[in-house]
*Asks:* 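Could you have a look at this structure, given as structure tokens, before my questions?
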2 protein chains.
Amino acid sequence: MNIPSDTKYSDTEIKIKNAAKCLFLKKGFSATKTREIAKESNINLALLNYYFTSKRKLFEIIMLETLHDFLSKMVEVYNDEKTTLEEKLKLTSSKYIDMMIAEPHLPTFVVNELKNDPSSFLKILKGKMIMKSKLVAQYNDGVKKGLYKKIEPIHFVTNILSLIVFPFISSPIIIKMQKLGKNDFIEMMNKRKKLIPKWIIQMIKK
Amino acid sequence: MNIPSDTKYSDTEIKIKNAAKCLFLKKGFSATKTREIAKESNINLALLNYYFTSKRKLFEIIMLETLHDFLSKMVEVYNDEKTTLEEKLKLTSSKYIDMMIAEPHLPTFVVNELKNDPSSFLKILKGKMIMKSKLVAQYNDGVKKGLYKKIEPIHFVTNILSLIVFPFISSPIIIKMQKLGKNDFIEMMNKRKKLIPKWIIQMIKK
DNA sequence: TTTTTTATTAATCATTTGTTTAATTCATCT
DNA sequence: AGATGAATTAAACAAATGATTAATAAAAAA
């Protein structure tokens with residue numbers, strides 16, 4: 001029984017999109033060839049244009065969906081009204097690290113293709129203003145109460161994301177430098193789930 | 001009067017290499033076309049193959065040189081015998097941030113193309129083991145003396161690089177999110193030169 | 001069932017792209 | 001000046017690549 005998670009798209013369209021997403025994530029737009037997408041999804045080459053008009057259009061659809069998923073998951077945690085700042089840090093850290101263990105190509109892809117076309121980013125970023133999130137509000141509160149040092153919030157947010165995301169972006173380097181196996185790297189990232197919130201707190205606590 | 005900084009290469013070769021490096025850094029291997037390199041460097045298309053055999057060979061040369069420069073500058077600071085750990089942090093932060101302000105495409109390029117072919121990384125990484133650097137030794141000393149918390153050194157090094165490099169990799173996102181101009185972003189990064197060393201110290205200090 | 005619409009296919013087209021060739025210019029040496 | 005080798009050029013080639021077409025099969029509507 002099929003769950004109609006995406007009723008907008010037919011089976012064939014989903015097959016194409018899945019294969020395309022996988023390839024685009026791994027190799028980027030230019031290095032991914034339409035024939036490769038067709039082969040990987042077991043469809044005829046012409047169906048790609050039949051359903052998606054062009055490679056570029058297909059790419060843009062995938063780009064927007066991927067970006068949307070990515071940012072939505074972020075903002076969920078940041079805007080939770082019930083959790084404290086420290087809890088948010090723990091949840092963020094844990095959630096994103098899991099997310100990127102599952103899809104290791106995601107951060108590089110987002111960062112890369114956004115460099116070429118930041119306009120798609122704006123389309124998605126409507127209700128997802130991290131800088132106006134509950135997390136930032138809680139940090140500012142802490143500053144006012146004299147609990148936290150005053151840093152510009154953009155640095156605060158940047159630091160959190162840096163410590164979480166950068167290791168994944170640079171994973172090939174870390175793996176080579178440390179002569180790790182893939183599982184060792186995952187192990188290392190799992191350890192960071194607990195460490196990163198502590199580090200962030202130490203950075204801001206008076 | 002020409003300074004024979006690179007006597008190995010003729011004028012034409014240098015023109016080609018410069019244009020190619022610029023394009024490869026900006027757009028990656030696949031998206032950069034040989035005709036574009038020829039046009040940008042004002043040389044005939046055939047000269048590219050005449051001097052460098054193939055696009056791929058040219059790319060590999062540029063890749064290795066860029067990587068070499070990048071890592072050399074890193075290790076210089078890390079292995080300075082005269083400076084303290086805290087001084088090294090300040091120097092690192094300041095030096096790399098300047099470097100990436102000058103060449104904003106560098107980190108994304110390195111990270112990207114290394115993902116596809118980490119072998120070139122190993123060729124370069126001979127004498128440049130960051131993990132066996134003076135910096136790490138000094139940190140370990142500090143731990144023994146009870147000054148610093150004990151974290152695995154790989155996390156220590158990863159954190160430094162994360163806080164320095166990630167903002168540049170994600171600069172299009174930061175710029176859009178904060179509605180910054182390019183100069184505002186540079187301003188922000190210049191502020192981080194002083195902040196990052198402090199943050200790192202707070203993270204490790206007991 | 002018949003008709004009409006939709007989905008799929010193989011073949012082909014028109015560019016693009018990396019590379020090569022063969023001719024020409026330029027510089028160097030005798 | 002003339003000969004030799006390197007540097008440069010315009011033209012062309014072959015393969016790859018994104019896209020289209022026209023024919024066929026499958027599904028839906030009548």
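First the proteins, then the strands, lettered A, B, ... as listed; each starts at 1.
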*Asks:* Select one nucleotide: of D:dA7, C:dT6, D:dA19, the one nearest the side-chain heavy atoms of A:Ser54.
*Replies:* D:dA19
*Asks:* Can you tell me if A:Asn44 touches the phosphate of C:dA10, counting only side-chain N or O atoms and a distance under 4.0 Å to OP1 or OP2?
*Replies:* yes
*Asks:* Could you check whether B:Tyr51 gets within reach of a base, just the sugar-phosphate, or nothing at all, counting any heavy atom under 4.0 Å?
*Replies:* sugar-phosphate
*Asks:* Side chains of B:Thr83 and B:Lys88: is there a donor and an acceptor less than 3.5 Å apart?
*Replies:* yes
*Asks:* Expressed as a whole number of angstroms, how long is the span from B:Tyr9:OH to D:dA6:P?
*Replies:* 19 Å
*Asks:* Let me spell it out: for each of A:Arg35 and A:Ile43, pick the nucleotide of DNA chain C with the closest heavy atom. Which residue's pick is nearer the 5' end?
*Replies:* A:Ile43
*Asks:* Side-chain N or O of B:Ser10 versus OP1/OP2 of D:dA7: is the shortest distance under 4.0 Å?
*Replies:* no
*Asks:* Let me know the distance between CD1 of B:Ile37 and P of C:dT19, rounded to the nearest Å.
*Replies:* 10 Å
*Asks:* Do the charged groups of B:Glu65 and B:Lys17 touch, with an N to O distance under 4.0 Å?
*Replies:* yes
*Asks:* Using side-chain heavy atoms (C-beta onward) and a distance below 4.5 Å, is B:Phe24 in contact with B:Met63?
*Replies:* no
*Asks:* Which one, C:dT19, D:dA19, D:dT9, comes nearest to the side chain of A:Lys55?
*Replies:* D:dA19
*Asks:* Would you say B:Thr12 places a side-chain N or O within less than 4.0 Å of OP1 or OP2 belonging to D:dT8?
*Replies:* yes
*Asks:* Could you state the interatomic distance from CG (A:Leu180) to CD1 (A:Ile174), rounded to the nearest 0.5 Å?
*Replies:* 8.0 Å
*Asks:* May I ask you to say what B:Leu48 touches in the nucleic acid, namely base, sugar-phosphate or nothing, with a heavy-atom cut-off under 4.0 Å?
*Replies:* nothing
*Asks:* Given atom CG of B:Leu47 and atom P of D:dA6, what is their separation to the nearest angstrom?
*Replies:* 15 Å
*Asks:* If you look at every strand shown and take non-hydrogen atoms under 4.0 Å, does A:Ser30 touch a base, only sugar-phosphate, or nothing?
*Replies:* nothing
*Asks:* Below 4.0 angstrom from OP1 or OP2 of C:dG18, is there any side-chain N or O of B:Thr34?
*Replies:* yes
*Asks:* Using OP1 and OP2 only, check whether a side-chain N or O of A:Tyr50 sits under 4.0 Å from D:dA19.
*Replies:* no
